[in-house]
A.B. asks: 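If you scroll down you'll find the structure; I have some questions about it.
FYI, the numbering just counts along the sequence from 1.
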Amino acid sequence: MKKIIIQVQMNSDKCRSKAMKIAAVFQGVDSVSLEGESRDKVVVTGDGIDSVCLTNKLRKKFCNATLLSVGDAKTTSSGSDTTKIENMKFCYAPPPCPSYPVVYDSYPNTCSIL
């Protein structure tokens, strides 16, 4: 059983609810909770959870998600088996919208289907 803590910048209860839904439907998740003073840390426990993929999914939705720790659910309170990950804050900009060329018809009143 693994315990993953991800810090996500959430401003409202609606954002917190969305973050919990994203984490809850992820494969291998047993429980999801919020921690921290401003309830900005998503704590996920379960087996076989890909922590990097989960962080990327939250990052796509909220643009600012940081993977804080990954460890065993029973030993994270002692901190001996917890892997700390720091300075992995990324913010990806959305891809640019595709541009399509505009083609003008030089003969607008003629029928092109014969």
A.B. asks: Per the side chain to side chain donor-acceptor pair (under 3.5 Å) rule, what does the pair list look like for residues 33-44, sequence neighbours excluded?
C.D. replies: Gln7-Asp40, Asp13-Arg39
A.B. asks: Would you name the heavy atoms of Ile4 and Ser51 that are closest together and state the gap between them?
C.D. replies: CD1-CB, 3.6 Å
A.B. asks: Work out which heavy atom in Ile6 is nearest to a heavy atom in Ala65; give both atom names and the distance.
C.D. replies: CG2-CB, 4.2 Å
A.B. asks: Flag the pair Lys2 and Asp47 as a salt bridge only when some basic side-chain nitrogen lies within less than 4.0 angstrom of an acidic carboxylate oxygen.
C.D. replies: no
A.B. asks: Kindly compute the distance separating CZ (Arg59) from CD1 (Ile22), expressed to the nearest 0.5 Å.
C.D. replies: 13.0 Å
A.B. asks: Identify the heavy atoms of Phe62 and Cys15 that sit nearest to each other, and give their distance.
C.D. replies: CZ-O, 3.3 Å
A.B. asks: So how far is it from Thr55 OG1 to Ile5 CD1, rounded to the nearest 0.5 Å?
C.D. replies: 11.5 Å
A.B. asks: Which atom names give the shortest non-hydrogen contact between Met10 and Arg16, and what distance separates them?
C.D. replies: SD-CA, 3.6 Å
A.B. asks: What's the separation between atom CE in Met1 and atom OG in Ser31, rounded to the nearest 0.5 Å?
C.D. replies: 7.0 Å
A.B. asks: Can you check whether Lys3 reaches Val44 side chain to side chain, under 4.5 Å on heavy atoms?
C.D. replies: no
A.B. asks: Please lay out, stage by stage, how Val42 and Leu34 fare under the test side chain to side chain contact (heavy atoms under 4.5 Å, CB included).
C.D. replies: CA-CA 5 Å; Val42 179; Leu34 295 174; 3.9 Å; yes
